[in-house]
Structure formats: C-alpha cells, structure tokens
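Reading through the structure tokens given below for one structure.
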Amino acid sequence: MDLGRLNEKQQEAVRYTEGPLLILAGAGSGKTSTMTHRIAYMVEEKGIDPYEILAVTFTNKAAGEMRERIESLVGSTRGMWVMTFHAMCVRILRRDGEQLGFNNNFVIYDGTDQKTVMKNIIKELNLDTKEYKPAYLLSVISRKKELGVTPKQFRENASNDPRARVLVQVYELYQKQLMENNAMDFDDLLTNTLLLFHQQPEVLANYQDRFRYIMVDEYQDTNHVQYELVKALAGDRKNICVVGDDDQCIYQWRGADIRNILDFEHDYPEAKVIKLEQNYRSVGNILAAAHSVIENNRGRKAKRLWTSREKGAKIRYYRANNEKDEALFAAREIERLRDKSRRGDGFREPLSYKDFAILYRTNAQSRQFEETFTREHIPYRVLSGLRYYDRKEIKDLMAYMRLVVNPRDDLSLRRIINEPKRGIGEKTIDKLAVFASVRGQSILEALGDEEVLQTLPAKAYEAVKAMAATILLCRQERENLRVSDIYDHLLVDTGYLAALEAEKTVESEGRIENLMEFKSVIYDYESQEALATMEADLSFRGEEETEAEGPSIDGFMEHLSLMSEIDNHDPSQDAVVMMTMHSAKGLEFPVVFLPGLEDGLFPGSRSFDSESGMEEERRLCYVGMTRAKERLILSSATTRTLYGRSDYTRESQFLREMDESLLEGDRVFKRRDPYGSRTTTYRGPGVSTGPIDGFREEAKPYLKPFDVNVAKTETRAAASGGETDFTPGDRVRHPKFGTGTVRSIQGKMVVVAFDEAGEKKMALGIAPLKKL
DNA sequence: GACATATCTAAAGCC
DNA sequence: TAGATATGTC
C-alpha cells in the first residue's frame, strides 16, 4: 500500500500497529489521513480482519468521513465498527444490556426530554425555582454521570447540608423516572455500558476478544467514563491508539478531561508517542501568531507546528467603533479580498464567498453580520444550533412515533395527547396518570381500555380514543408496516395533518412542508437500511453479526436520536459561512474572520475566575486562528451592545498576547493590565490608531425590515381589530393603556412605550392597538 | 382550556 | 435587546 504521500512521522504512526500509541496531532497536521491510512495498512498489509477493528469518534460527521475515507482506500469497512461512543454503547446495550433491567428497546432522551423530566421533578419536590433551574440540575447530574458516580454513591458521599441533600434526591428521582419510562439519556448510554462491563465480565471479555485494535479520535475530548470504557475494552492487550491535540481541548465545560491525553503515557508507560507537527493548512504567519497565543498556556504538551509554506500576509486587525462597524468592515474586506484575488494579487486563485468564514464566540454575534451582509448583498449561511428536529411539528410526530416503539413513554404521550387539540388539559392528564399508575400501566396503555376512556370529558372522548387506538394499532402492526406507512397513519389518523390543513396559514403550510420533508428523511433511512441488509446477506460470516436487520420503526427512532442533526454544512453553496468557533473545529477556510476580540466577550467574562477557564478560552482562540489557511482577520469593537446595554470594551487579552510584529492595521492597545480588576470598564482614548483603508463607520440606527410572520393571528386580528403592520415610531392607541409610540418589533411582539403606562410588550395583531 | 400580557435572563453544544 | 417562560384573564 502506498504511504508515499505521508510524511515520515505519519508513516511511523501508520506502521506502529501493536501496543499503546499516542498520536499528538496538531491542527492541520493530516490527522484523519494518518488514521485512515493506518487502518487501511492494518487490513491490507498486516492482514488484520476488519472485524477486529474499532474506531471511535465523537461526531457522526467524523465517523462518516472516516468510514468513507477508509472505504476509498480498501474498498470496504464491512465488519469494522467505525462510530461514535454513543452509537457503540447503544449497540452493546441493545445486544447485551438486558441484565441491567433495561428492556432492550429503551428510548434515548434528548436534551428537551431531560428538561421536561427535570421540570416535573422540580415541581414534585416543590423546589425553589429560582435556585434550582432545570439546566443547572441537569448539568450537576451529567457531571456526576461523567465521573461515573451513581445516585447511590452520590448519596453515600454527599454532605449533610440541605443543598447536597436536594441534589441527591433530584438525581435519584431523575434516574427513577427514566427507568420507569424505559429511557436513557446520552450519559446513561455510556455509564450503563461501563456498568455492564463491570457486572458482566464475560460480556466485556467478549468485546475485548473481538476488538483487538482500537482507535480513538479526538482523545482530548474524552470524559472520564469514556476513558474508562476505552481502557476496559483495551484490556490487557492494550492495543490502543489514541489521537488528539491537547491544545484543541475546548469542551472541558461539558466534561472533557484534558488529563486523559496528558496522562496517557502515565496510564500506559510502554506507550509510543508520535507528534505530528508539520502543518499543511496555514501560512507561516498564521501559525506563528496562533503559537504566540497558545504558548501562554501552562499545562500543555510541548510542541510547535511548522510549515514549509510561505509566511503569507500579516494578520490584519481592525478596531471598530461598534459592532455594526465591525460587521461592515468584514463585508467590505470580503469584497476587497475578492477583487484582489481576482486580479491575482497575492492569491493563487480567485476567492469565492464560500472561502470566507466568520467565526465568533457566541451565536448572538451572528445577528449583526447577518443584517449587514443582507444589506450589502453578500450571500451567507449561518450554521447554528437551531436544529431542524427542534421544530415543533417534527418533535410532535417524533413523540407519536416514539410511543409506537415504547408505549411506556408517558413524557411523549403528555406532549401529544392534546396536539392537535382534543379538549384535554393539565387536570385531565393528571387524572389519567393516576388511573394508569393505579393499574400499573402507562397512560397510553390505560387509554387502550374503554373503562379509562369513559372517565374522559365527553368532548374529548372520541378524539382521544381514536388517537390511542391509532398508536396501539401501529405498534401491533409495526412488523408488517413500513416506517413511512406508520408515519402516514400517525399523521392522518390522529388528525394531526387535518388540524394543520384546517389552519390555512402561512405558518401551518410551512409546518406541513416540514412534515413532508421529514418523510423524505424516512425514505432515505428505508432505502439505506434495505441496502445495508442486502450487503449483509451477501457477506454472511457465520458470526452473530446482526448489524443490519432491515428498516424498522425502532431502528429509525434510534437512527434519529443518535443523528440529531442533518449535517447542514453544504460546501457547494457559494456563501460566506458563519458559525461559532466551537463548531468550526476540524474545518478550514482560506480566509477567517475572528470578530469580538474583547475581554468579557472573548475571553468570556466567566473565564476570568479561573486559570483553567482562561486556558480553555485560549485554546478556543487557538482553534479559531488555526482554521485559517491564507488570511486571518481579527477585529474588536470599541463599544458593544450586549443585553441591551452599550458599554466600552477593552481589547482581548489574547490580542495583547499575540506577537505584534505579525499584526497590521490598528495598533493593539497594550499595557500591563492597567485597570486592575476585570470589573473596571475601560474608557481610555488612544485605542485605535486610525482607520484602515480610510473608513470607519459610525453607528446608524438600523430599522429592522418588517418581515414578521403574523399569519397565525390574521383571522383573529381581523376579528378583534388588531393590526399587524406597525413600524417603529408609529403613534398608537390602546383602550386600556392610552396612547403611545411603537418602539420595536420583536418577533411576534410589538413593544410600545405608552405615554402613561410605560413600556408594554404585546402580541402583534391581537393586541387591541389602533394606529393614530 | 386558550389566549393575552408580564417577567425573566442571558456561552459554547457533541451524542 | 429579544426570545422563552410564567402568570393572569376571559
């Protein structure tokens, strides 16, 4: 096999197939290529059975890419496990997890489900909602699970103060609820697998025996449980290869333990360490600047990226007046560089829009860029956390489908029992829940009984009966029906689609469209699974390899919960990409903008409390900078409006750490922390040394284009006399509050400053507002 | 039960 | 500032 395209270090890593191996792969050092070649080498040159290889990644995307690239090298990955930690655990638990008391058709709860459960618990325990918020409690539980602490252990070790006692109680109750609903959250998948390994040594032995070669990608992001899992699987054979970069550990806040990679040599004293330090991505100046920042971190493995490429242009820095100016600067800069590149001035090829990326610290920063780019007619795409599967109609249908798979899922039932409206409210549901628990059933199961149905309010009876019958029938027939058929039944027979169709609004039509789009997701799944089954039949190997069983609703739900996000980074679209620095990890762009380099924003204000927090921010900065291939453009704003407050800012500590000789444009205002504490706001002059290319725009009031979707309320609006088309500045009258002036439009709400009653926010089109 | 209005609170987001 | 959630009212 041809390793000629790999450098010496990479080749060494490829050939070192036996015993523990740590590959420290710096940014842009050809990590994936090395890993995939290594696997290909094992199969082709060493004659290792693909069946004995396990490659674990963190994201589906990474797993998909790796699989694809291995396939292009050796033709097939059949038998090989190339998947995420979570997918691996699900597979193990479904296969061998019954001993733990879990039905092997457990469902996986996502963040929204977890939140719902937690809200119920808070209510049940009558907790102070100010002090105990769902997100906080969930993060406490998650941290515990990541450390492998069970509710029992937590109870035993918890102190006696009231707060700790509450946390213990919450954790216990939370686990109990999940168990009752036959559900696991993402953390449970990992912890339960580890538990299984501990309790059933023969199960573990089985997997140890199978997976003689283990690879772990992004090892710096593993948490403690993942570390233990890997260690367990590697067993005494210790044929384990981990790949990572401690400088790119940016997920400590969600449990990643950087010690795992830092201490690998300690865990495996015989480990071989190979550093990949040649960078194939960025020009020299970019690497040097990134290095000048990251070297301020104390706890890191010594390494320094180098490149054989030219130094390239200097890093450009712009100190904007405010965030609008900052966005406009980026817009102009993009056009300027496009022009320049078309003239062949300093660029090998003309740049198109998709060659530019704006990487910010917080999602909120995207708005300014979006507005500006829209006005400047620059095409852009925002990759954000707003997920397709978070849309209400999709979640509703998913809840219906989950009930088909798991009728014990009361959470899902509560979600859809009155969706579409069936005349059922909170009280009725609670009554049903009591009935069900008395009978030892879930709510849906109870609804299968006429006796229980009879207790419903008369107006709800028919609809609820039909709904329950539909779901239960689909369940009964799920072996005979295609997933898409089940979907159709649920959509139609429960009245969901009819209700949307009856609405006849722009919004409802959009929802219907989404539901149709969702169906194509199902179709994709069906054909994909059918294909996999065919292949599996062809390659029967006599083992218990039951990976392809054909499409099923169970399989589809699992596919969904593990996928969660359609990869929406479609590089074929020619548009500037905007995303957070976190989501940019692993990507690269010819030109990268890092805006908002201000203390308090980046590094974020919370990170000043601890050294480790600051170091993580610094690593994030390093990740951001090393995404750039040719040009890196930094900016900050003198004034920034955050949470409705406008404040002066101080240039980011990271800017001040950067090697000045590599910067051009505005001067970075450097002084040794002249203002002492971080609570002091910087107000000094002399921050900027003059405009770049002669422009620096003042903030102009920007009127939001009136594009608010008020369709849903149109009919009502007409009936109640409510108007929908207001513009900031309009004078209005409200029957109760008197006259006022429209301040702003926020989504579907209009904010009015009343002359007498102060500022009020009210729903557009419904509020009895009249224009004067 | 459903809608209208007031209040709250604010990072990053993999599976 | 603005979206999400809680509370109040018909």
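Lettering follows sequence order; numbering is per chain, from 1.
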Could you please name the option among [options] that lies closest to any side-chain atom of [X]?
| X | options | value |
| --- | --- | --- |
| A:T59 | B:dA2, B:dC15, B:dA12 | B:dC15 |
| A:K115 | B:dG13, B:dG1, C:dT5 | C:dT5 |
| A:N363 | B:dA12, C:dA2, B:dC15 | B:dA12 |
| A:Y643 | B:dA10, B:dG13, B:dA2 | B:dA10 |
| A:R254 | B:dA11, B:dG13, B:dC15 | B:dG13 |
| A:R361 | B:dT9, B:dG13, B:dA12 | B:dA12 |

For A:M581 and A:L620 the tightest heavy-atom approach is CB-CD1, 3.7 Å

What one should report as the nearest heavy-atom pair of A:Q248 and A:D221 is O-OD1, 4.3 Å

For DNA chain B, consecutive-pair runs of 3 or more (Watson-Crick or G-U wobble, both H-bond-type distances under 3.5 Å) give B:1-10 with C:1-10

What is the separation between atom [atom1] on [X] and atom [atom2] on [N], rounded to the nearest whole Å?
| X | N | atom1 | atom2 | answer |
| --- | --- | --- | --- | --- |
| A:Q114 | B:dG13 | CD | C1' | 12 Å |
| A:Q368 | C:dT1 | CD | P | 13 Å |
| A:D187 | B:dG13 | CG | C1' | 13 Å |
| A:K119 | C:dA6 | NZ | C1' | 10 Å |
| A:D185 | B:dC14 | CG | P | 16 Å |
| A:E323 | C:dA2 | CD | P | 12 Å |
| A:L601 | B:dA12 | CG | C1' | 12 Å |
| A:R645 | C:dA2 | CZ | P | 16 Å |

Could you check whether any side-chain heavy atom of A:H86 comes within less than 4.5 Å of a side-chain heavy atom of A:L190, counting everything from C-beta outward? yes

inquiry  = Using side-chain heavy atoms (C-beta onward) and a distance below 4.5 Å, is A:N406 in contact with A:M557?
reply    = no

When A:N181, A:D185, A:D188 are each screened for side chain to side chain donor-acceptor pair (under 3.5 Å) with A:Y109, the one that passes is A:N181

### Query
Which value, in whole Å, describes the distance between the C1' atoms of nucleotides C:dG3 and B:dC14?
24 Å

request  = Please state the C1' separation for the pair B:dA11 and C:dA6 - nearest whole angstrom.
outcome  = 24 Å

**Asked** For A:R259, does the CZ atom have more than 12 heavy-atom neighbours from other residues, nucleotides or ligands under 6.0 Å away?
**Response** no

Query raised in the report: Going by ring centres under 5.5 Å and near-parallel planes (under 30°), is A:W253 stacked on B:dA12?
Result: yes

Donor + acceptor pair across side chains of [X], [Y] (<3.5 Å):
| X | Y | result |
| --- | --- | --- |
| A:E218 | A:Q220 | yes |
| A:Q114 | A:Y174 | yes |
| A:D257 | A:Y227 | no |

Sorted by number, residues from residues 413-420 of chain A placing a heavy atom under 4.0 Å from DNA chain B are A:N418

